[in-house]
Amino acid sequence: MKNFVEELRWRGMIHDVMPGTEEYMNKNMTSGYVGIDPTADSLHIGHLVGVMMLKHLQLAGHRPIALVGGATGMIGDPSGKSQERSLLDEATLRKNENELKKQLAKFLDFESDVENRALLVNNYDWMKNFTFLEFIRDIGKHITVNYMMAKESVKKRIGADSKTGMSFTEFSYQLVQGYDFLYLYEHENCKLQMGGADQWGNITTGTELIRRKLGHENEAFALTCPLITKADGGKFGKTESGNVWLDPERTSPYEFYQFWLNVSDEDAKKYIKIFTLLSQKEIEQLIKEHGEAPHLRILQKTLAQDITTRVHSKADYEAAVEASQILFGKGTTETLKKLDERMLLNVFKGVPQPEVQRSEFDMGIGLLDFLAAKTGIFKSNGEARRMLKDRAVMINKNRVDENYQLSSTDLLNNRYVIVQKGKKNYFLIKIV
RNA sequence: GGGGGGAUACCGAAGCGGUCAAACGGGGCAGACUGUAAAUCUGUUGGCUUAGCCUUCGGAGGUUCGAAUCCUCCUCCCCCCA
């Protein structure tokens, strides 16, 4: 039994841990769980910290349980900003659960015969037939409103500075989540719940419920990891186009790779401990090398390679690297012109590819019309005009201004035009 | 049930009859500098056929030459008292 808590500690993945957790886990093989909202059919990288905690749990010899929050997801956790959640019908819920499991399987072992094989459960299964009356009688009775009100997440919503108040549904959330822990404790002998720092209050409601309902000799543990932040204070895991998903249909492997490659130095030092399985020694070495030659961005490259390969594949990773080199290396119009069609499409896989009618192009399409209405690269002519004035637009790697006239000499392989908005945003326009 | 406060652009927040497409801050985007980093500086941030015009200040009406600003009704939210 490896020291699980210690492993997370040096990786900076512990925000708070209940006393006794480390001692207990060093002596006993146990099960631990993390909750995941099934609001989409894919995980995004915000979920990854929880998944990595489960991964380390399994590596340490314990049993990881991924809890899909089919029931809790319908309510909405008041500790987040999230307001009303939409109710998922059961078919969607099951489909999402299934897709999530596939992605989790890239990290966790659900298959082999080992004792600590990972488990996936859905709290909808035990909540759906639980009536309101039964719930308030059997569960609600054990927890006082006073206790629930003392939670930070509730206080914040009830206090004078709150503008929206809090519905009874949201108030009940912690109890429903707490019941999950009780259920897993009783049915799966699960003694540990993990989550983000914002989940501490919810988790302790669970441990409290276990103690009060089952008796004080029952031990349950809690462990939270810090909220993943960016050094500049921005939200982690968001890009211009929204969440970074694990599903290649939502976020292409190229974009995925680019996300990690673009992480700042300061963040890279943190993230490499959290999102890769490299040893402490290896990471220290990398940080040292990076410090000696920061421009080589060894940390970012290692980080991007490790995660892209795990989530997608080695081939996807290599394609992303190749594409990045062409796009960000010393590429010129000439390099682009030399690419054959297959290579071109390969490089720009994962880049938006709007289409334009050949007839319109041949008629001498106006630059603004082309950049805005026809391709949607810019939301309006005004925006396109502004960007052109800011010298932010490049066509086939050539900076252009408002007076530029497109013509057939701009076509690569007779049917493609590459437009760049700023340095990093590429578009491959197809003439059809 | 009674009393009070509020709803402004992506967010926060000014404005309280014309000079308001709406101050300021944050965020976003872009440019310079760099290492596809951070910090910094600069520009920009409703739309258009851009010295002009059109649509926007919770919703619907009204007063006025003119309304985000005044009046009426409605919707939603917060606070206090019962």
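In the text below, chain A, chain B and the rest are named by the order of the sequence lines, each starting its count at 1.
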> Would you say a side-chain N or O of Lys424(A) is under 4.0 Å from OP1 or OP2 of rG31(B)?
Replying inline: no

> In whole Å, what is the span from the CD atom of Gln325(A) to the P atom of rU36(B)?
Replying inline: 13 Å

>> Using Watson-Crick or G-U wobble geometry with both distances under 3.5 Å, which nucleotide pairs with rC29(B)?
In response: rG43(B)

> With rounding to whole Å, what would you report as the distance between rA23(B) and rG15(B) at their C1' atoms?
Replying inline: 8 Å

> Does one side chain, of Glu99(A) or Ser42(A), offer a donor that lies under 3.5 Å from an acceptor on the other?
Replying inline: no

> Is any side-chain N of the basic residue among Arg310(A) and Asp306(A) closer than 4.0 Å to the acidic one's carboxylate O?
Replying inline: yes

> Where along residues 372-384 of chain A does a heavy atom fall under 4.0 Å from RNA chain B?
Replying inline: Ser380(A), Asn381(A), Gly382(A)

>> Donor-acceptor check, side chain of Thr251(A) to backbone of Pro248(A), threshold 3.5 angstrom: yes or no?
In response: no

> Can you pull the salt bridge (Lys or Arg N to Asp or Glu O under 4.0 Å) pairs that have at least one residue in residues 40-55 of chain A, sequence neighbours excluded?
Replying inline: Asp41(A)-Lys95(A), Asp41(A)-Arg250(A)

> With both distances under 3.5 Å as the test, what is the Watson-Crick or G-U wobble partner of rU55(B)?
Replying inline: none

> Within a reach of under 6.0 Å around NZ of Lys141(A), are more than 12 heavy atoms found that belong to other residues, nucleotides or ligands?
Replying inline: no

>> Can you tell whether the side chains of Arg94(A) and Asp125(A) come within less than 4.0 Å, N to carboxylate O?
In response: yes

> Near RNA chain B, under 4.0 Å by heavy atom, which residues of residues 295-310 of chain A?
Replying inline: His295(A), Arg297(A), Gln300(A)

> Choosing from rG31(B), rU45(B), rA37(B), which nucleotide comes nearest the side chain of Arg386(A)?
Replying inline: rU45(B)

> Watson-Crick or G-U wobble partner for rU72(B), using a 3.5 Å limit on both distances?
Replying inline: rA60(B)

> In whole Å, what separates the P atom of rC54(B) from that of rC78(B)?
Replying inline: 40 Å

